[in-house]
Amino acid sequence: MDKHTVLVTGGAGFIGSHACVELLQAGFNVVVVDNLSNSKLESLKRVEQITGKTLQFYQADIRDKTALTDIFAKESIATVIHFAGLKAVGESCEQPLNYYHNNVYGTLVLLEAMSEANVKQLVFSSSATVYQPSETGQYSESLPLGAINPYGRSKVMVEDILRDVAAVDKIKPNGAPWKVALLRYFNPIGAHESGMIGEDPNGIPNNLMPYVSQVAIGNLKQLSVYGNDYATPDGTGIRDYIHVVDLVKGHIKAIEAIESDKFSGGGCKAYNLGTGKGYSVLDIVNTFEAVTGRKILYQFAPRRAGDLAECFANPALADKELNWIADKDLEDMIADTWNWQVKNPQGYVD
Ligand code: NAD
Ligand code: UDP
C-alpha cells in the first residue's frame with residue numbers, strides 16, 4: 001500500500017540516495033530535488049534498480065524559489081527530508097559565504113516554498129558538529145550548542161530558524177502546525193548491502209572511511225593519521241561511526257513520530273543518531289585490515305585543525321521517543337564500504 005509522498009532534497013547524495021531506497025521500500029512515493037553539485041544522476045538510477053520502483057527527479061537548486069514552487073504545485077508532498085547542502089568543514093572555512101548561502105539561505109527558500117504550499121512536516125539533516133565541545137566526549141541533546149566552524153554554525157543557524165518557525169504555532173496557531181525533527185548525525189559510513197550505492201566523494205576524500213577505503217583499493221598511497229597524542233587510549237581521535245542504512249532508518253522513524261501523537265500540536269525536536277560507541281582511527285585501520293585482508297599503509301601526521309579528541313553520541317532519546325537504535329556493528333560498516341569500493345573502484349561513472 002502506498003504511503004504518502006516525501007520530497008527528498010539532496011536525494012542523489014550519499015545519505016539521500018540510501019534514504020530514497022528505504023523510503024521506496026517502506027512504500028512511500030519519492031520526489032527528489034538535487035542540483036547534482038556533489039552527486040551524479042547514476043545514484044538515483046541505481047536506487048531504482050535496487051528497489052524495482054521509480055522516483056520523480058527534478059534537477060534544481062533549492063535556492064531557486066520558482067523551481068521549488070513548481071515542484072510543490074505538481075506533487076502532493078506531505079513531508080520533506082532536507083539533506084541538500086554543503087558539508088566539508090575545511091572548505092567551509094575557506095568559503096563561508098558559499099556555505100551560508102547554500103545551507104542557510106537555501107533552507108530559508110525551502111521553508112518559504114513549504115509554507116506557501118502548506119507543507120509543514122520536515123526532517124532536517126543536522127550534525128554532531130552543532131555541539132559546543134565538551135570534556136567528556138559524549139553528547140546528549142540537552143548539551144549547549146556552539147559550533148566551531150562555518151559549516152557547523154550553518155547547521156546551528158538552521159536549527160535556530162526551525163525552532164523559531166515551530167514556536168510561532170504555539171503563540172499564534174495558524175492552520176496545521178510545523179512538525180520538525182532535527183536529526184544530529186554522528187559519523188555516517190558504510191553503504192547499501194548490494195554494493196550498488198555508496199559514498200562517492202569528489203577528488204581526494206576528507207573523511208576517514210573513504211580515505212582508508214581508497215588506500216585499500218590502491219587509488220591512494222597511504223593514510224595520514226591526524227594526531228597520535230590525544231588523551232585517548234591509543235592517542236588517536238575517537239568518533240561514533242554509524243552505518244548509513246541505520247541512519248536513514250532513523251529518518252523513517254522520525255516521519256512516523258511526526259505523524260503520531262508524539263508531535264500532536266506540532267513542535268521541533270532534536271535527536272542524536274549515533275551508536276553510542278566510539279572507535280579510534282587505529283581501531284578503524286585495524287578492523288579494516290581484519291575484515292578485508294588488505295594492508296592499510298599509514299603514517300602519523302600533526303593534528304588536523306579544529307578536530308576534537310573524542311565525539312560520541314548518547315543515543316537514548318532517539319531510542320525512547322523514535323523507537324530507533326542502530327543495529328549494525330563496525331565490521332558490517334566496513335564490509336559494506338569495501339563491497340561498494342570493490343564493485344565501484346572509481347565511484348559512479350555517469
Ligand atoms: P552529499 O554531498 O553526498 O549530498 C548532498 C546532496 O545535496 C548532493 O547530492 C548535492 O548535489 C546536493 N546539493 C547541495 N547543495 C544543493 C543545493 N543548493 N540545491 C540542491 N541540491 C544541493 O552529502 P551527504 O553526506 O549525503 O550529506 C547529506 C546531509 O547530511 C548534508 O546536509 C550534510 O551536511 C548532513 N550531514 C552529513 C554528514 C556526513 O558525514 N556525511 C554528517 C552530518 C551531517
Ligand atoms: N582522520 C585521519 N585521517 C584522515 C581523515 C580523518 O586521521 O585522512 C581522523 C580525524 O582526525 C578524526 C577521524 O579520523 O579523528 C574522523 O574524521 P572524519 O573527517 O571522517 O570525520 P569528522 O568527525 O572529522 O567529521
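Counting starts at 1 for both ligands and their atoms, in listed order. This chain uses plain numbering: 1 for the first residue, then up along the sequence.
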Legend entry - side-chain contact (heavy atoms from CB on, under 4.5 Å) evaluation trace for Glu193 with Asn339: CA-CA 8 Å; Glu193 60 178 7; Asn339 184 34; 5.8 Å; no
Per-atom contacts, ligand 1 versus [X] - under 4.0 Å to a heavy atom:
{"X": "Ser37", "result": "10 (C), 11 (O), 13 (N), 14 (C), 15 (N)"}
{"X": "Ser39", "result": "8 (C), 9 (O), 11 (O)"}
{"X": "Leu36", "result": "11 (O)"}
{"X": "Ser125", "result": "29 (C), 30 (O), 32 (O), 35 (C)"}
{"X": "Tyr151", "result": "33 (C), 34 (O), 35 (C), 36 (N), 43 (C), 44 (C)"}
{"X": "Ser126", "result": "43 (C), 44 (C)"}
{"X": "Gly85", "result": "5 (C), 7 (O), 13 (N), 14 (C), 15 (N)"}

Is it true that [X] lies under 4.0 Å from ligand 1, counting heavy atoms only?
{"X": "Gly106", "value": "no"}
{"X": "Asn187", "value": "no"}
{"X": "Lys155", "value": "yes"}
{"X": "Gly11", "value": "no"}

Shortest protein contact, [atom] (heavy atom only):
{"atom": "atom 2 (O) of ligand 1", "answer": "Asn38 ND2, 2.7 Å"}
{"atom": "atom 25 (O) of ligand 1", "answer": "Lys87 NZ, 2.8 Å"}
{"atom": "atom 10 (C) of ligand 1", "answer": "Asp34 OD1, 3.4 Å"}
{"atom": "atom 30 (O) of ligand 1", "answer": "Tyr185 CE1, 3.3 Å"}
{"atom": "atom 4 (O) of ligand 1", "answer": "Gly13 CA, 3.5 Å"}

Inset, instruction - Would you name the heavy atoms of Gln132 and Leu145 that are closest together and state the gap between them? - result: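 In this case the closest contact between Gln132 and Leu145 is NE2-O, 3.6 Å.
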Under 4.0 Å, heavy atoms only, figure out whether ligand 1 is touched by the backbone of [X], its side chain, both or neither.
{"X": "Ala60", "value": "backbone"}
{"X": "Val33", "value": "neither"}
{"X": "Asn102", "value": "side chain"}
{"X": "His82", "value": "neither"}

When you compare ligand 1 with [X], is there at least one nitrogen or oxygen pair between them that comes in under 3.5 angstrom?
{"X": "Phe83", "answer": "yes"}
{"X": "Ile15", "answer": "yes"}
{"X": "Ser127", "answer": "no"}
{"X": "Ala84", "answer": "no"}

Inset, instruction - Please say whether the positively charged group of Arg303, taken as NZ for Lys or CZ for Arg, lies over the ring of Tyr230, i.e. under 6.0 angstrom from the six-membered ring centre and within 45 degrees of the axis. - result: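 Cation-pi check for Arg303 and Tyr230: passes.
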Inset, instruction - Can you spot which of Tyr271, Tyr185, Phe28 makes a ring pair (Phe, Tyr, Trp, His ring centres under 6.0 Å) with His251? - result: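 Only one of Tyr271, Tyr185, Phe28 forms a ring pair (Phe, Tyr, Trp, His ring centres under 6.0 Å) with His251, namely Tyr185.
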Cut-off 3.5 Å, no hydrogens considered: what does the side-chain donor-acceptor table look like for residues 201-208, sequence neighbours left out?
| residue | atom | partner | partner atom | Å |
| --- | --- | --- | --- | --- |
| Asn202 | ND2 | Asn38 | OD1 | 3.1 |

Inset, instruction - Please work out which of the three classes, parallel, tilted or perpendicular, describes the rings of Phe288 and Trp338, given edges at 30° and 60°. - result: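 Trp338 and Phe288: perpendicular rings.
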Legend entry - Val244, Thr107, Asn35: member with heavy atom nearest to atom 17 (C) of ligand 1: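 Nearest heavy atom to atom 17 (C) of ligand 1 lies in Asn35.
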Legend entry - Options Gly16, Ser17, Pro188, Ser92, ranked by nearest heavy atom to atom 39 (C) of ligand 1, top entry: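 Comparing heavy atoms across Gly16, Ser17, Pro188, Ser92, the nearest one to atom 39 (C) of ligand 1 lies in Pro188.
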Legend entry - Name of the residue among Glu91, Lys155, Arg153 meeting side chain to side chain donor-acceptor pair (under 3.5 Å) with Tyr99: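 For Tyr99, the side chain to side chain donor-acceptor pair (under 3.5 Å) test succeeds with only one of Glu91, Lys155, Arg153, which is Glu91.
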Would you tabulate the polar-atom pairs, meaning N/O of ligand 2 against N/O of the protein, with distances under 3.5 Å, reported to 0.1 Å?
| residue | atom | partner | partner atom | Å |
| --- | --- | --- | --- | --- |
| ligand 2 | 3 (N) | Ser224 | O | 2.8 |
| ligand 2 | 7 (O) | Ser224 | O | 3.4 |
| ligand 2 | 7 (O) | Tyr226 | N | 2.9 |
| ligand 2 | 11 (O) | Asp307 | OD2 | 2.6 |
| ligand 2 | 17 (O) | Arg304 | NH2 | 3.4 |
| ligand 2 | 19 (O) | Asn207 | ND2 | 3.1 |
| ligand 2 | 19 (O) | Arg304 | NH1 | 3.4 |
| ligand 2 | 19 (O) | Arg304 | NH2 | 2.9 |
| ligand 2 | 20 (O) | Asn207 | ND2 | 3.4 |
| ligand 2 | 20 (O) | Leu208 | N | 2.8 |
| ligand 2 | 21 (O) | Asn187 | ND2 | 3.1 |
| ligand 2 | 23 (O) | Asn187 | ND2 | 3.0 |
| ligand 2 | 23 (O) | Arg239 | NE | 2.7 |
| ligand 2 | 24 (O) | Arg304 | NH2 | 2.8 |

Inset, instruction - Run the salt-bridge test on Glu42 and Arg46 with the 4.0 Å N-O cut-off and return the result as yes or no. - result: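 Yes, this pair counts.
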Inset, instruction - Using a strict cut-off of less than 4.0 Å between a Lys/Arg side-chain nitrogen and an Asp/Glu carboxylate oxygen, indicate whether Asp160 and Arg163 qualify as a salt bridge. - result: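 Arg163 and Asp160: salt-bridged.
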Inset, instruction - Return yes if a side-chain donor-acceptor contact under 3.5 Å exists between Asp332 and His243, otherwise no. - result: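 No, no side-chain donor-acceptor contact under 3.5 Å.
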Inset, instruction - Examine the side chains of Glu75 and Thr5 and answer whether a donor and an acceptor come within less than 3.5 Å of each other. - result: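 No, Thr5 and Glu75 have no side-chain donor paired with an acceptor closer than 3.5 Å.
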Legend entry - Pairwise distance NZ(Lys120) to CG(Asp169) - rounded to 0.5 angstrom: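 Output value for this atom pair is 5.5 Å.
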